Engineer: 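The structure's right below; bear with me while I get my questions together.
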Amino acid sequence: MKKFIKIALFWAFLLSSLSASGYVNAVKVPGNVAHLTPESKAWLSASFSEVTLYPQTALKFFDKTANEMNANNKAKKVKIKALYDGSNLAFLIQWNDATKSVQTKESTTVYGDGFAFQFPQNYSDAKELPYIGMGSAKRAVIVHLAKATEGVYEPNGEADVYHQVNKGNQNLYNEELKAYEQAVAQKMQKQYQRDFISEGFRSMTQIRDNANQAFMQMSYKDGFWRGVLSRTLKDTYLDLSKGAFPVAIAVWDGEKKNRDGLKLLSSWIPVKLVGISGGDKLIEDLTTPVSGDVANGEKLAVENCAACHHYKDQKIAPDFMAPNLSNIGGYATKEYIKESIENPNAVVVPGYNIKAHPNSAWYSLDEQGQRVSTMPAYDWMDEKSKNDLVAFFSSMKEEE
Ligand code: HEC
């Protein structure tokens, strides 16, 4: 009975502590949060916030099956909480996934479930946050990625090539083969974790200099994944100690062949370090709803944008003329949408796949070899029309 009451109290606590949507309060706790696991008791000090992730529709994959499996993806709600101590920050993310998918070393077509946290290197101005896809030119992001995997072989450091060779090429039998397989298993890293700095697709650079101390873990139980990211508040790449900062979250479903750009993604979500002043302007900018005439925005979109972009039931443009905007309001900020309209060259989203025909690439190259958008700038438009367009496209998200 006592145990039952304890459990009931625990759940009552969890439910009552569910706080506002789209906004995360990081709570300061005594002790060290650098190596928390999804099960750590310390999480009871913070409450869950609900965050909605949307299918990234901008990029099409060069994989017909994967595209078909994900064609009808809708929004997904996940729960996030955050803690910090004097020098470290930790996030817990919880999301439901009916199937546990784990990447194995035996197959190259089985994909693992995974999650990522992304932080902009510079977030002093909400109007100039990086493109959430993977950062953008001169607007770098730091990405922490974890994937469910049976084991990843890491020859680095040891420069051990012998154990990396396929066992079928080793001419080993019986006991010798067993010993070889054991040695390989021991050298496998059970948790797949990578830290990147990125200024856009194809510019992902893995951080290997240890200046960035991050730790990730994920565990699956009863249809839910729980993942933890802990990292230093401040390092040579990133300073998150200034009161508030934005974070973007992504989740991959291995069962649906999700990988890379095929995922569910949040917009920039403000995180407040409770007890540290600062960052109010950022929070205000990121949480103030868009004002504008949605109906007029939709009319303007048909006149100005539908010739190139697909969104909602608008599909008159040829495929791959431009990114699909059906979920742009879900994972892009209103500032980003406005910037896209006024100055498409500020962030140039890459073409849909490596086989894109040059005539339908989403960018051309200028004299300096820089990518420039093939989208015309609408800087001639009056302020009200632009705001109405932003209001309309901010409402473009396919809810659950
Ligand atoms: C001539 C074709 C064309 C027209 C017309 C056009 N766009 Fe674009 N748009 C593109 C292309 C190509 C890209 C991808 C390259 C880039 O990032 O600029 C793009 C990118 C975007 C993006 C960024 C998408 C993402 O996933 O990050 C937004 C937002 C956008 N356009 C909005 C609009 C709006 C709003 C209009 C109408 C006012 C419009 N576009 C008109 C071709 C067009």
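None of these values were measured; they are calculated from a predicted model. In listed order, ligands and their atoms are each counted from 1.
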Engineer: Can you confirm whether or not the ring centre of Phe393 sits under 6.0 Å from the ring centre of Tyr311?
Structural biologist: yes

Engineer: Using a strict cut-off of 4.0 Å, indicate which atoms of ligand 1 neighbour a heavy atom of Met321.
Structural biologist: 12 (C)

Engineer: Taking only distance into account, with no hydrogens and no angle test, what donor-acceptor pairs under 3.5 Å do side-chain atoms of residues 297-307 form with protein atoms, sequence neighbours excluded?
Structural biologist:
unit_1: Glu298; atom_1: OE2; unit_2: Lys312; atom_2: NZ; d: 3.3
unit_1: Asn304; atom_1: ND2; unit_2: Leu300; atom_2: O; d: 2.9

Engineer: Quick one: which ligand 1 atoms are inside 4.0 Å of a heavy atom on Val347?
Structural biologist: 16 (C), 17 (O), 18 (O)

Engineer: Does Ala307 have a heavy atom less than 4.0 Å from any atom of ligand 1?
Structural biologist: no

Engineer: With a cut-off of 4.0 Å, which atoms of ligand 1 are near a heavy atom of Tyr336?
Structural biologist: 23 (C), 25 (C), 27 (O)

Engineer: Keeping waters out of it, list the protein N, O or S atoms under 2.8 Å from atom 8 (Fe) of ligand 1.
Structural biologist: His309 NE2, Met375 SD

Engineer: Apply side chain to side chain contact (heavy atoms under 4.5 Å, CB included) to residues Phe115 and Met216 and explain how you reach the verdict.
Structural biologist: CA-CA 10 Å; Phe115 73 102; Met216 295 176 95; 3.5 Å; yes

Engineer: Can you name the atoms of ligand 1, numbered from 1 with element, that are less than 4.0 Å from a heavy atom of Val349?
Structural biologist: 15 (C), 16 (C), 17 (O), 25 (C), 27 (O)

Engineer: How close does the nearest protein non-hydrogen atom get to atom 26 (O) of ligand 1, and which residue and atom is it?
Structural biologist: Ala58 CB, 3.3 Å

Engineer: Answer yes if the side chains of Asn73 and Lys256 hold a donor-acceptor pair under 3.5 Å, and no otherwise.
Structural biologist: yes

Engineer: Please determine whether a side-chain nitrogen of the Lys or Arg among Asp253 and Lys257 lies less than 4.0 Å from a carboxylate oxygen of the Asp or Glu.
Structural biologist: no

Engineer: Taking only Lys NZ, Arg NE, NH1 and NH2, and the carboxylate oxygens of Asp or Glu, determine whether Glu383 and Lys386 approach each other closer than 4.0 Å.
Structural biologist: yes

Engineer: Could you find the nearest protein heavy atom to atom 12 (C) of ligand 1 and give me its residue, atom name and distance?
Structural biologist: Thr374 OG1, 3.2 Å

Engineer: I'd like to know if the side chain of Asp382 pairs up with that of Ser385 as donor and acceptor (distance under 3.5 Å, no hydrogens or angles considered).
Structural biologist: yes

Engineer: Assess the side chains of Ser219 and Glu39: does a donor N or O sit below 3.5 Å from an acceptor N or O?
Structural biologist: yes

Engineer: Is Tyr363 near ligand 1, meaning one of its heavy atoms is under 4.0 Å from it?
Structural biologist: no

Engineer: Of all the heavy atoms in Met381, does at least one lie under 4.0 Å from an atom in ligand 1?
Structural biologist: no

Engineer: So that I can tick it off, tell me whether Lys74 and Glu399 are bridged by a salt bridge, with the cut-off set at under 4.0 angstrom between side-chain N and carboxylate O.
Structural biologist: no

Engineer: Under 4.0 Å from any heavy atom of Val348, which atoms of ligand 1 are there?
Structural biologist: 16 (C), 17 (O)

Engineer: Considering only heavy atoms of Leu389, which atoms of ligand 1 have at least one such atom less than 4.0 Å away?
Structural biologist: 38 (C)

Engineer: Of all the atoms in ligand 1, which lie at a distance below 4.0 Å from a heavy atom belonging to Phe393?
Structural biologist: 35 (C)

Engineer: Just checking, Lys147 and Tyr111: is the charged tip under 6.0 Å from the six-membered ring centre and within 45° of the axis?
Structural biologist: no

Engineer: What's the shortest distance from atom 41 (C) of ligand 1 to any protein heavy atom, and which residue and atom give it?
Structural biologist: Tyr378 OH, 3.6 Å

Engineer: Between Asn70 and Asn258, do the side chains contain a donor N or O and an acceptor N or O under 3.5 Å apart?
Structural biologist: yes

Engineer: Would Glu335 and Lys338 pass as an ion pair if we require N to O under 4.0 Å?
Structural biologist: no

Engineer: Any side-chain donor paired with an acceptor under 3.5 Å for His144 and Asp195?
Structural biologist: yes

Engineer: Which is it for Ala332 and ligand 1 at heavy atoms under 4.0 Å: side chain, backbone, both or neither?
Structural biologist: neither

